[in-house]
Chemist: 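Please see the structure below; I have some questions.
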Amino acid sequence: IMQNKIKTNWDLKLLYKSIEEFETDIKQNFDLIDVFLTKYEMLDFKKFNSTSLKQFLIEDEELSLLTNKPFYYLSYLSSLDTQNQELIKKSQKIGIEYNNLFRDRLLNLSDRINSIGYTKLIKFSKSKDLKNYKNHLNKIAQAIKYKLDPKIESALLKTNDVLSYGNNIFNELSNSFTYIIDDVEYTSEEISTKWISPIEDERKKALDAMYNKYNETSNKIIFGNLYSMTCMDTIVSMKLKNIKEDVMVFRNISEEMDSDVVDSMITNVKSKYDLFHRFLKLKAKYLNKDKLEAHDLYAPITLTDVKKIPFEEGLDLYLKVIKKFDNEFYWYSKEMVDEGRLDVFPKKNKRGGAFSSSDKAINSFILLNYTDTFQDVSTLAHEFGHSIHSYYYNKQNYNNAGVSLCLVETASIFNETIVRQYILDNNLKTKEEKIEFVMSYLDAIFGTTYRQILYTSFEKRVHESFLNDIPLTYEDYDKMWQEELNEMYGDTVKDSYKWISWQRIPHIYNTPFYCYSYTFGNLLSFYLYNMYNKMDKNKFKKMYKSILESGCSKRPYELLLEKGIDVKSEDFYKNSFEIIEKFIIFVENI
């Protein structure tokens, strides 16, 4: 499929021909922002009608289209060279200048928009003139539904600034940890690699070292108090705003998810913990154990020599699969490669991992760190899925050209699933290769589906205790965490897994309840994949593309219900888990 020489480095000249052109654009954009703010600082938003509000929204979108590109450009440069000191200083200088010029003015503009009020915004959202902004206005209205007096809100924001130092303590402390194994010192990143080593002794020593570090009384006290600060921050805000119904309310508002949808998801995933138990028993079997120990939980199943697939072959495989699925998906993916919007291989100082980044103002760029494994092909498919999703939702106006976190993994996981199934059916010849491949995939599935619910369930219990004026200490967190672990692992792991600590999870401090979105995204993608296998392919693609095109123009539940997908129904979970169970059955019966 790929005939010309493949471009494997980003061509950032697609954005700017030179750094001078970039700097000129920054200056011009700052001038445009100043003109825009000056105009709307003179107007009373309370007096806006549907026409004047629409005009504001259009101008705001036009400004965003013009001014976002340089910030993406900076982030791309930084991703390619994280240690470039000149670039770091340039980014900091621009950031400081931007904040000095516009931060307070933008906050003031936000307050002026909010002054329209909940009731009037809801009324505007139903206006014919503003039909293309319906959900956007609804989101603003929901965000201000619980707003307090501006002075109190300002005080809360300042308190949050203080609490952010707690997050800094978590990040700096956990990143500063070193671990001693056989008189050798290892960093957190190095110890994490040993945690997933195929060599059991390495895994055990790594986990013992991690357990010893986090189990030090001084560290438990620090992390316990930091987490209590996080929880109390949420509860104080809830009580001031007289919210009593759900400790996840702020996260649910930001994700546009109703509480009953989230609660249903937690309940249904927990009801399927038996699938996880079956997987863990399979893992024990292939590790030649009667029962797993703590250090085995993330162990890879290695039955063969690692099979290599060079990038050219991996890309060709992906393009072959995606072309079979849909021509438009194929041509967009190929265009990205041809234009130089993939940066493929690891390099010194390059950012690790992988991502797809885009904005309505610019085309999508993908960063990879490809090392010739089938997992890398899966990652390639995953990131192309994100880019394809953005290609479709960018057909919306700017305020709808995006997607909530609960839907953000839709196309990426779907892409990944069809590619993994192709590899399993066509590229792996021996029984051992197939077992390795599927067990690795199941490890990823349970990590992003089940463990995220474990985190969320733990967080919910802790926050609800604080809401009910029941104070907790790190000993209580340990006990509640252990109870959640016992439920998820059942009798599949020996009684020695207390080291898997709540202390290590950054999201519970920085972004409470953030993790459930990954579970929802995975389950939705599996449901869609099941639909694809069972219904007319053309009808499915039409429906699927309409979901991708909708962006955030509608709330997730309403959008999916329009397509005949009820995420509260038994059918939704039955069909989602069916895909997971099929992979388990495959290994059980091979």
Chemist: Quick check on the 6.0 Å ring-centre criterion: do Tyr527 and Tyr573 meet it?
Modeler: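 That pair fails the under 6.0 Å test.
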Chemist: Any chance the side chains of Glu185 and Thr178 put a donor and an acceptor closer than 3.5 Å?
Modeler: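 Judged by distance alone, the side chains do pair up.
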Chemist: Heavy atoms, side chains only, cut-off 4.5 Å: are Lys479 and Glu483 in contact?
Modeler: yes
Chemist: Can you tell me how far apart CG (Asn522) and CD1 (Ile579) are? Round to the nearest 0.5 Å.
Modeler: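 Reported to 0.5 Å precision, the distance equals 12.5 Å.
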Chemist: Hey, does Thr193 have a side-chain heavy atom less than 4.5 Å from the side chain of Tyr186?
Modeler: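 No; the side chains remain at least 4.5 Å from each other.
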Chemist: Determine whether Glu255 and Arg251 satisfy the following criterion, salt bridge (Lys or Arg N to Asp or Glu O under 4.0 Å), listing intermediate values before the conclusion.
Modeler: CA-CA 6 Å; Glu255 298 306 326; Arg251 175 59 54 188; 3.4 Å; yes
Chemist: Name the orientation class of the two ring planes belonging to Tyr489 and Phe276 (parallel below 30°, tilted from 30 to 60°, perpendicular beyond 60°).
Modeler: tilted
Chemist: Could you check whether the rings of Phe177 and Tyr179 sit parallel, tilted or perpendicular, using 30° and 60° as the cut-offs?
Modeler: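 Ring orientation, 0 to 90° scale: perpendicular.
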Chemist: To the nearest 0.5 Å, what is the distance between OH on Tyr370 and CG on Leu342?
Modeler: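 If we round to the nearest 0.5 Å, Tyr370:OH and Leu342:CG are 11.5 Å apart.
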Chemist: What I want to find out is whether Glu256 reaches Lys554 closely enough, with some N-O distance under 4.0 Å, to be called a salt bridge.
Modeler: no
Chemist: Check whether the side chains of His382 and Glu409 place a donor and an acceptor atom closer than 3.5 Å, and report yes or no.
Modeler: yes
Chemist: So, does Lys283 use its side chain to make a donor-acceptor pair with the main chain of Leu297 at under 3.5 Å?
Modeler: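 Yes; judged by distance alone, with no hydrogens or angles, the pair exists.
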Chemist: So with a 6.0 Å cut-off around NZ of Lys204, is the heavy-atom count from everything else above 12?
Modeler: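 12 or below, so no.
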Chemist: Give a yes or no on whether the backbone of Gly353 and the side-chain of Asn369 come within a donor-acceptor separation of less than 3.5 Å.
Modeler: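 Present.
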Chemist: Please name all residues satisfying salt bridge (charged side-chain N to carboxylate O under 4.0 Å, His left out) with Glu588, sequence neighbours left out, ordered by chain then number.
Modeler: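 Checked Glu588 against salt bridge (charged side-chain N to carboxylate O under 4.0 Å, His left out); matches are Arg278.
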Chemist: Shortest non-hydrogen contact from Tyr455 to Cys515?
Modeler: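 Minimum heavy-atom contact is CD1-SG, 3.7 Å.
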Chemist: If only atom types and distance count, is the side chain of Ser440 paired as donor or acceptor with the main-chain N or O of Glu436 below 3.5 Å?
Modeler: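 Answer holds: no.
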Chemist: What residues form a salt bridge (charged side-chain N to carboxylate O under 4.0 Å, His left out) with Lys308, not counting sequence neighbours?
Modeler: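 Listed in chain order: nothing, the list is empty.
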Chemist: Are any side-chain N or O atoms of Thr8 and backbone N or O atoms of Phe345, one a donor and one an acceptor, separated by less than 3.5 Å?
Modeler: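 No, because the side chain of Thr8 does not come within donor-acceptor range (under 3.5 Å) of the backbone of Phe345.
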Chemist: Under 3.5 Å, side chain of Lys307 to main-chain N/O of Asn427, donor-acceptor pair present?
Modeler: yes
Chemist: Specify the closest pair of heavy atoms between Cys406 and Ser517, including all atoms of both residues, with the distance to one decimal.
Modeler: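 So the minimum-distance heavy-atom pair works out to SG-OG, 3.7 Å.
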Chemist: So, taking the atom named OG in Ser387 and the one named OH in Tyr332, what distance separates them when rounded to the nearest 0.5 Å?
Modeler: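 Output value for this atom pair is 5.5 Å.
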Chemist: Of all residues at least two apart in sequence or in a different chain, which pass the side-chain contact (heavy atoms from CB on, under 4.5 Å) check with Glu328?
Modeler: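 With neighbours one apart ignored, the set is Asp326, Tyr391, Tyr392, Lys395, Lys545.
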Chemist: When rounded to the nearest 0.5 angstrom, what is the spacing between CZ in Phe526 and NZ in Lys582?
Modeler: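 So the gap between those two atoms works out to 12.5 Å.
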Chemist: Test: salt bridge (Lys or Arg N to Asp or Glu O under 4.0 Å). Region: residues 515-538. Which pairs qualify, not counting sequence neighbours?
Modeler: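 Qualifying pairs, neighbours excluded: Lys534-Glu578.
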Chemist: Nearest 0.5 Å, please: how far is NZ in Lys220 from CG in Asn215?
Modeler: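 So the CG of Asn215 and the NZ of Lys220 are separated by 4.5 Å.
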Chemist: Report yes if some heavy atom in the side chain of Asp258 is under 4.5 Å from a heavy atom in the side chain of Asn252; otherwise report no.
Modeler: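 They are not in side-chain contact.
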Chemist: Nearest 0.5 Å please: distance from the CG atom of Leu207 over to the CH2 atom of Trp195.
Modeler: 7.0 Å
Chemist: Is the gap between the ring centers of Phe223 and Tyr214 under 6.0 Å?
Modeler: yes
Chemist: Ring-plane angle category for Tyr532 and Phe414, please: parallel below 30°, perpendicular beyond 60°, tilted otherwise.
Modeler: perpendicular
Chemist: Are Met531 and Asn575 side-chain neighbours, meaning at least one heavy-atom pair lies under 4.5 Å?
Modeler: no
Chemist: Mind checking salt bridge (charged side-chain N to carboxylate O under 4.0 Å, His left out) for Asp305 and listing every partner two or more places apart, or none if nothing turns up?
Modeler: none
Chemist: State, with a plain yes or no, whether a side-chain heavy atom of Leu472 is found less than 4.5 Å away from one of Met480.
Modeler: yes
Chemist: Short question: side chain of Glu433, backbone of Thr430 - any donor-acceptor pair under 3.5 Å?
Modeler: yes
Chemist: Can a salt bridge be assigned to the pair Arg461 and Asp476 using a cut-off of 4.0 Å between side-chain N and carboxylate O?
Modeler: no
Chemist: Mind listing the closest non-hydrogen atom pair of Asn135 and Cys552 along with its distance?
Modeler: ND2-O, 2.9 Å
Chemist: Report yes or no: is the cationic atom of Arg420 (NZ for Lys, CZ for Arg) under 6.0 Å from the centre of the six-membered ring of Phe437, at an angle within 45° of the ring normal?
Modeler: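 That pair qualifies as a cation-pi contact.
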Chemist: Verify the distance criterion only: is there a donor paired with an acceptor across the side chains of Thr373 and Asp376 at less than 3.5 Å?
Modeler: yes
Chemist: Any side-chain heavy atom of Phe520 sitting closer than 4.5 Å to one from Leu405?
Modeler: no
Chemist: Apply ring pair (Phe, Tyr, Trp, His ring centres under 6.0 Å) to Tyr477 and list each qualifying residue two or more places apart in sequence or on a separate chain.
Modeler: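 Tyr477 satisfies ring pair (Phe, Tyr, Trp, His ring centres under 6.0 Å) with Tyr227, Trp502 only.
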Chemist: Over all heavy atoms of both residues, which pair between Lys350 and Val344 is shortest? Give the atoms and the distance, please.
Modeler: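 Scanning both residues, the minimum pair turns out to be NZ-C, 3.8 Å.
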Chemist: Taking atom types as modelled and ignoring hydrogens, do the side chains of Tyr441 and Thr417 form a donor-acceptor contact shorter than 3.5 angstrom?
Modeler: yes
Chemist: I need the minimum non-hydrogen distance between Tyr298 and Arg451, along with the two atoms involved.
Modeler: OH-NE, 3.3 Å
Chemist: Ignoring hydrogens and geometry, is there a side-chain-to-backbone donor-acceptor pair from Asn212 to Asp208 under 3.5 Å?
Modeler: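 Looks like yes, one N/O pair under 3.5 Å.
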Chemist: For a quick check under 3.5 Å, do Tyr422 and Asn426 share a side-chain donor-acceptor pair by atom type?
Modeler: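 Judged by distance alone, the side chains do not pair up.
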Chemist: Counting only heavy atoms not in Asn327, do more than 12 fall under 6.0 Å of its CG?
Modeler: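 Yes.
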Chemist: For Phe458 and Trp481, take the angle between the two ring planes, folded into 0 to 90°, and tell me which bin it lands in: parallel under 30, tilted 30 to 60, perpendicular over 60.
Modeler: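 It falls in the perpendicular class, over 60°.
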Chemist: Around atom NZ of Lys563, are there more than 12 heavy atoms from other residues, nucleotides or ligands closer than 6.0 Å?
Modeler: yes
Chemist: Would the number of heavy atoms belonging to other residues, nucleotides or ligands and lying under 6.0 Å from CD of Glu570 be above 12?
Modeler: no
Chemist: What are the two closest non-hydrogen atoms of Phe577 and Val269, and how far apart are they?
Modeler: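 Minimum heavy-atom contact is CZ-CA, 3.8 Å.
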Chemist: Do Thr456 and Glu459 have a side chain donor and acceptor closer than 3.5 Å?
Modeler: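 No donor-acceptor contact under 3.5 Å links the two side chains.
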Chemist: Within 45° of the axis and under 6.0 Å from the centre of the six-membered ring of Tyr557, does NZ or CZ of Lys568 qualify?
Modeler: yes
Chemist: Could you check Lys194, Glu200, Arg203 and say which one makes a side-chain hydrogen bond (donor to acceptor under 3.5 Å, both in side chains) with His295?
Modeler: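 Only one of Lys194, Glu200, Arg203 forms a side-chain hydrogen bond (donor to acceptor under 3.5 Å, both in side chains) with His295, namely Glu200.
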Chemist: Measure the shortest side-chain to side-chain distance between Leu319 and Tyr330 over non-hydrogen atoms and say whether it is less than 4.5 angstrom.
Modeler: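 A side-chain contact exists here, since the closest heavy-atom pair is under 4.5 Å.
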Chemist: Would you say Ser378 and Glu416 are linked by a side-chain donor-acceptor pair, where the criterion is simply a distance under 3.5 Å?
Modeler: yes
Chemist: Between Asp338 and Lys7, is any pair of side-chain heavy atoms under 4.5 Å apart?
Modeler: no
Chemist: Tell me if the centroids of the rings in Phe384 and Phe329 come within less than 6.0 Å of each other.
Modeler: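 For Phe384 and Phe329, the ring centres are not under 6.0 Å apart.
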Chemist: Hey, is Glu484 close enough to Lys270 for a salt bridge, meaning N to O under 4.0 Å?
Modeler: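 Salt bridge: yes.
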